[in-house]
Amino acid sequence: MRLTTLGTGTASPSARVNAGHLVEAGAVVLLMDCGSGVVHRMGERGVNWLGITHLAITHFHPDHTLDLTTLLFASKYGTLPPRSAPLTILGPVGLQQLIDRFAVIYGNTLEDPGFPLTVRELAPGERADLGDGVTIEAHKVPHTAESVAYSVERGLARLVYTGDTGFDTAVAEWARGSSVLLCECSLPEELAVANHLTPAQVGVMAELAEPGRLVLTHFYPPVLDEDIGEIIALRYLGQVIVAADGWSTEIEER
Ligand SMILES: [Zn+2]
Ligand SMILES: [Zn+2]
C-alpha cells in the first residue's frame with residue numbers, strides 16, 4: 001500500500017493545497033478527500049489521476065470537497081479520450097444530496113460525467129469492500145455532524161485517516177494498532193477549538209492509538225511555527241512525520 005499526501009493544507013491559503021490523500025493498494029486507487037488544488041497537484045506530481053477507482057469524502061466542508069467537481073470536469077473535458085472507466089464516490093450519509101446540489105449548479109458535468117458513477121453512502125461503523133483485498137471502514141469523529149474517519153486495510157497494512165476531528169479518545173482506540181495514523185494537526189494551543197486538534201492533543205491520541213507511524217496533515221499556518229515533533233514526543237515515542245504536499249510512503253502489507 002502506498003500513501004501520498006497530496007494536500008496538507010486547510011482553508012487558510014498557503015503553498016499547501018486543501019485536503020487530499022492518495023492510497024494505492026493492489027488494483028485500488030483511492031483518493032481520500034478532494035479539496036481545492038488537489039486535482040492540479042496530481043497533475044503537477046505526475047499522478048495518474050484518471051486511474052482513480054474510488055474517492056472517499058470524510059465530510060462536506062469545502063476544503064475537502066470542492067475539487068470533486070474539478071475532477072469530474074477534468075475527466076470529461078481535460079483529457080483525450082475522456083474517462084470511460086467507472087468511479088465510485090464514498091462518503092457520509094448526505095453525500096448523494098451534496099452531489100445533487102453540485103449538479104444543480106454545474107449541470108451535465110455531474111448529471112452525465114460520461115462514465116459510470118456510483119455514489120455510496122457509508123454510515124459510521126459501516127465497511128465497504130473496494131476489491132482486490134482492500135476494505136474501507138468509516139468511524140464517527142467530532143467535527144461536523146456527518147464527519148467520519150476512514151480505516152483502509154489490505155493484508156497487514158492498516159491506514160487510518162482522521163479527516164478533520166476534535167479530541168476524542170474513542171477515535172484513538174479505534175485507530176489502535178494502525179500501521180500509519182494520518183492525523184489532522186490544525187492549530188497551536190493558543191488557537192485551540194473543540195473540533196480540531198492541537199499538537200498536544202495529537203500526542204495524547206497517538207499515545208493511546210500506538211500507530212506504527214504518525215503522519216500529520218491539515219495545518220493552519222500558525223501551527224507550523226510550533227515544534228510539533230517535540231510536543232508530540234512528550235506522549236508518543238514513535239516516528240512522527242510532518243507531511244508536505246507530495247510526500248509519499250510505502251506501507252507494508254505483510
Ligand atoms: Zn472540516
Ligand atoms: Zn478541513
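Computed from a predicted structure; not experimentally measured. All values below were derived from every heavy atom in this structure, side-chain atoms included, with hydrogens, water molecules and symmetry-related copies excluded. When a ligand or atom number is given, it counts from 1 through the structure's own listing order.
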What's the atom name of the N, O or S in D63 nearest to the Zn ion (ligand 2)?
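The Zn ion (ligand 2) is closest to the D63 atom OD2, counting only N, O or S.
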Restricting to N, O or S, what is the name of the atom of H64 that lies nearest the Zn ion (ligand 2)?
NE2
Give a yes or no on whether a salt bridge exists between [X] and [Y], defined as a side-chain N under 4.0 angstrom from a carboxylate O.
X: E137; Y: R158; answer: no
X: E253; Y: R2; answer: no
X: D132; Y: R154; answer: yes

Any link between V204 and V215 through a network of hydrophobic side chains (Ile, Leu, Val, Met, Phe, Trp, Tyr) touching at under 4.5 Å?
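No, V204 and V215 fall in different hydrophobic clusters.
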Centroid-centroid distance, H64 to H218, less than 6.0 Å:
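Judged by ring-centre distance (under 6.0 Å), H64 and H218 do meet the cut-off.
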Let's go through D33 and V38 carefully: what are the C-alpha distance in whole Å and the side-chain angles of both, what is the deciding distance for side-chain contact (heavy atoms from CB on, under 4.5 Å) to 0.1 Å, and is it a yes or a no?
CA-CA 9 Å; D33 283 334; V38 168; over 6 Å; no
Please confirm if an N, O or S atom belonging to H196, backbone or side chain, lies less than 2.8 Å from the Zn ion (ligand 1).
no
Checking distances from the Zn ion (ligand 1), one finds that the N, O or S atom of H61 closest to it is ND1
Any N/O/S atom from H59 (main chain or side chain) under 2.8 Å of the Zn ion (ligand 2)?
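No, since none of the N, O or S atoms of H59 sits under 2.8 Å from the Zn ion (ligand 2).
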With a cut-off of 2.8 Å, does any N, O or S atom of H218 fall short of it relative to the Zn ion (ligand 2)?
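It does; at least one qualifying atom falls short of 2.8 Å.
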Can you give me the OD2-the Zn ion (ligand 1)-NE2 angle for D164 and H143, to 10°?
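Reported to 10°, the angle equals 100°.
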